[in-house]
Amino acid sequence: MSRRTHRADAPPVPASELAVTSADGSRIHVELYGPEEAPAVVLAHGWTCNTRFWAAQIRDLAADHRVIVYDQRGHGRTPGAGPGGYSTRALADDLEAVLRGTLAPGRKAVLAGHSMGGMTLMAAAGRDAVREHGAAALLCSTGSSRLTAEARVLPMRAGALRTRMTGAILGARAPLGPVNAVSRSVLKYATMGRGSAPDRVDTCARIVHACPRKARVAWGQVLAELDLRAGIGELRLPTAVIAGTDDRLTPPVHARAIEAALPHSLGLTELTGTGHMTPVEAPEVVTAKLRELVALYVTVDSAAEAVSEEEVA
């Protein structure tokens, strides 16, 4: 593939792209970056986002890692759901398809998820593909249950009314409209820390506003009823957790509960003043944690060996 020049803030250029087929026939768009034989990292984005959300991590890691990112169903370049619809089972099916479609049998990778991507890892924790390919995991700004009850997007006292209104917001069918000063301000308040740089707010706004309304609404309804507490106990990989202290969507109470219930916790990192969009707001911290997990749990030799076996097969 020929090299392309691009601005520093432009999306990274993948080494290759492919579509994998999920259990219900849905086609999942996947992008691969970096050397094929390098240690692998698989990144799952959150609600209303897409592969561009991981741009900072891709730019840093692709020099010496095989970085695998994909669009959740209905997001980015992945079409809307097939017969399996929108559900936590579908999240698990899609991740399993990505792992099977991009990693040779037995090849290990660090699995990372932000928000709904972290919920994907919990939903898929008991799947054979996760046990076969997962070396370690990173959960960023996520929760396993009671999302509407714990969210602090609405400046109201906690209770039944706030919970109902938050659920209504998650499933709201109104279009988001164009990205402008007002919409950027709203998004920053709801999802990012007060000190977030304007360019990072703009990046998140453009990603979120690009999400098709049908997928946003359908997944919002799934999140409002989410309960993945059982999945935490199934996530037997060494797992690190990151949360922002100013996260209004999934406040740190979720991260603390998850960390306490993990079978093999590597600890919780709370980022002071950071909101929900940790991979964009604090990219250096998230990338450093990914590098640390790879160094501890994935070896170059095992990655190269798996690639060689795939080529022979």
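This is a predicted model, so every value here is computed, not measured. Numbering of residues begins at 1 and proceeds along the displayed sequence. Heavy atoms only: backbone and side chains are in, while hydrogens, waters and symmetry mates are out.
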Beyond-backbone contact of T239 with L266, side-chain heavy atoms, under 4.5 angstrom: no
Verify the distance criterion only: is there a donor paired with an acceptor across the side chains of R27 and T21 at less than 3.5 Å? yes
Taking the basic N atoms (NZ, or NE/NH1/NH2) and the acidic carboxylate oxygens, is any pair closer than 4.0 Å for R152 and D247? no
Closer than 3.5 angstrom, by distance alone: can the side chain of S185 be matched with the main-chain N or O of A181 as a donor-acceptor pair? no
Can you name the nearest heavy-atom pair linking A218 to Y86, along with the distance? CB-CD1, 3.5 Å
Given side chain to side chain contact (heavy atoms under 4.5 Å, CB included), test V208 with C211 step by step and report yes or no. CA-CA 6 Å; V208 170; C211 180; 5.8 Å; no
Roughly how far apart are R52 CZ and I207 CD1, rounded to 0.5 Å? 6.0 Å
To the nearest 0.5 angstrom, please state how far the CD atom of E31 sits from the CG atom of N50. 8.5 Å
Answer with yes or no whether the hydrophobic clustering places Y297 together with L290; edges join I, L, V, M, F, W, Y residues whose side-chain heavy atoms lie under 4.5 Å apart. yes
Check this for me, if you would: do E37 and R66 make a salt bridge, where the nitrogen-to-carboxylate-oxygen distance has to be below 4.0 angstrom? no
Can you tell me if T203 uses its side chain to pair, donor with acceptor, with the backbone of D199 under 3.5 Å? yes
How long is the straight-line distance from CZ of R100 back to OG1 of T102, given to the nearest 0.5 Å? 11.0 Å
Check: L99 and L111 side chains under 4.5 Å, non-hydrogen atoms: yes
So that I can tick it off, tell me whether D94 and R73 are bridged by a salt bridge, with the cut-off set at under 4.0 angstrom between side-chain N and carboxylate O. yes
What's the spacing between E234 CD and L121 CG if we round to 0.5 Å? 14.0 Å
Can any side-chain N or O of T191 pair as donor or acceptor with the backbone N or O of K188 at less than 3.5 Å? no
Should L296 and I242 be regarded as members of a common hydrophobic cluster, given that ILVMFWY residues are connected when their side-chain heavy atoms come within less than 4.5 Å of each other, either directly or indirectly? yes
Applying side chain to side chain contact (heavy atoms under 4.5 Å, CB included), run through L187 and C204 and close with a yes or a no. CA-CA 8 Å; L187 179 128; C204 287; 3.9 Å; yes
Quick check for you: to the nearest 0.5 Å, what is the distance between H133 atom NE2 and I68 atom CD1? 9.5 Å
Donor-acceptor pair, distance only, cut-off 3.5 Å: does the side chain of T148 make one with the backbone of G167? no
Can a salt bridge be assigned to the pair E132 and R127 using a cut-off of 4.0 Å between side-chain N and carboxylate O? no
Heavy-atom check, side chain of I169 versus side chain of L154, under 4.5 Å: yes
Between T120 and Q72: side-chain donor-acceptor atoms closer than 3.5 Å: yes
Can you classify the ring geometry of Y70 versus H45 as parallel (below 30°), tilted (30 to 60°) or perpendicular (above 60°)? tilted
With side chains defined as the heavy atoms from C-beta onward, is the minimum distance between V153 and L249 less than 4.5 Å? yes
T166 side-chain N/O to A151 backbone N/O, donor-acceptor pair under 3.5 Å: no
So, for H209 and P178, which heavy atoms are closest and what is the spacing to 0.1 Å? CE1-O, 3.7 Å
Taking atom types as modelled, find out whether T274 and E281 have a side-chain donor-acceptor pair closer than 3.5 angstrom. no
Check E270 with R256, please: is the shortest side-chain N to carboxylate O separation under 4.0 Å? yes
Would you confirm whether S265, through its side chain, and L262, through its main-chain N or O, come within 3.5 Å as a donor-acceptor pair? no
Kindly determine whether E17 and R77 satisfy side chain to side chain contact (heavy atoms under 4.5 Å, CB included), including the steps that lead there. CA-CA 11 Å; E17 302 176 357; R77 292 171 63 185; 3.1 Å; yes
Side-chain touch M119/T88, heavy atoms, less than 4.5 angstrom: no
Please confirm whether the backbone N or O of H29 pairs with a side-chain atom of T78, one donor and one acceptor, at under 3.5 Å? yes
Can a donor-acceptor pair be found between the side chains of S141 and S115 at a distance below 3.5 Å? no
Neighbour count above 12 (heavy atom, 6.0 Å) for D128 CG: no
Is V217 linked to M116 within one hydrophobic cluster, defined over Ile, Leu, Val, Met, Phe, Trp and Tyr using a side-chain heavy-atom separation of less than 4.5 Å? no
Heavy-atom pair with the smallest gap, counting every atom of S145 and R229: OG-CD, 3.4 Å
Which value, rounded to the nearest 0.5 Å, describes the distance between S144 atom OG and I258 atom CD1? 5.0 Å
D246 (side chain) donor-acceptor with G275 (main chain) under 3.5 angstrom: no
Can you list the steps and then say if R291 with D60 is a salt bridge (charged side-chain N to carboxylate O under 4.0 Å, His left out)? CA-CA 10 Å; R291 283 190 171 276; D60 186 293; 2.9 Å; yes
Side chain to side chain, E150 and H254, heavy atoms closer than 4.5 Å: yes
Among the clusters formed by ILVMFWY side chains lying less than 4.5 Å apart, do F53 and V179 turn up in the same one? no
According to a hydrophobic-cluster definition based on side-chain heavy atoms being under 4.5 Å apart (Ile, Leu, Val, Met, Phe, Trp, Tyr only), do W47 and L147 belong together? yes
Looking at M277, is its backbone amide N or carbonyl O close enough to the side chain of R200 to form a donor-acceptor pair, meaning the two atoms are under 3.5 Å apart? no
Minimum heavy-atom distance A62-P35, with the two atoms named: O-CD, 3.3 Å
Could you tell me which non-hydrogen atom of L271 sits nearest to which non-hydrogen atom of A282, and how far apart they are? CD1-CB, 3.7 Å
What about the rings of H114 and H276, do their centers lie closer together than 6.0 Å? yes
Is I28 close to D71 at the side-chain level, that is, under 4.5 Å between some pair of heavy atoms? no
Would you say D93 and S22 are linked by a side-chain donor-acceptor pair, where the criterion is simply a distance under 3.5 Å? no
Under the 6.0 Å and 45° cation-pi test, does R248 pair with Y189? yes
Heavy-atom closest pair (C140 atom, T278 atom, distance to 0.1 Å) is CB-OG1, 3.7 Å
Is the CZ atom of R131 crowded by more than 12 outside heavy atoms at less than 6.0 Å? yes
Hey, does T142 have a side-chain heavy atom less than 4.5 Å from the side chain of M122? yes
Evaluation steps, side chain to side chain contact (heavy atoms under 4.5 Å, CB included), between V30 and T51: CA-CA 9 Å; V30 184; T51 59; over 6 Å; no
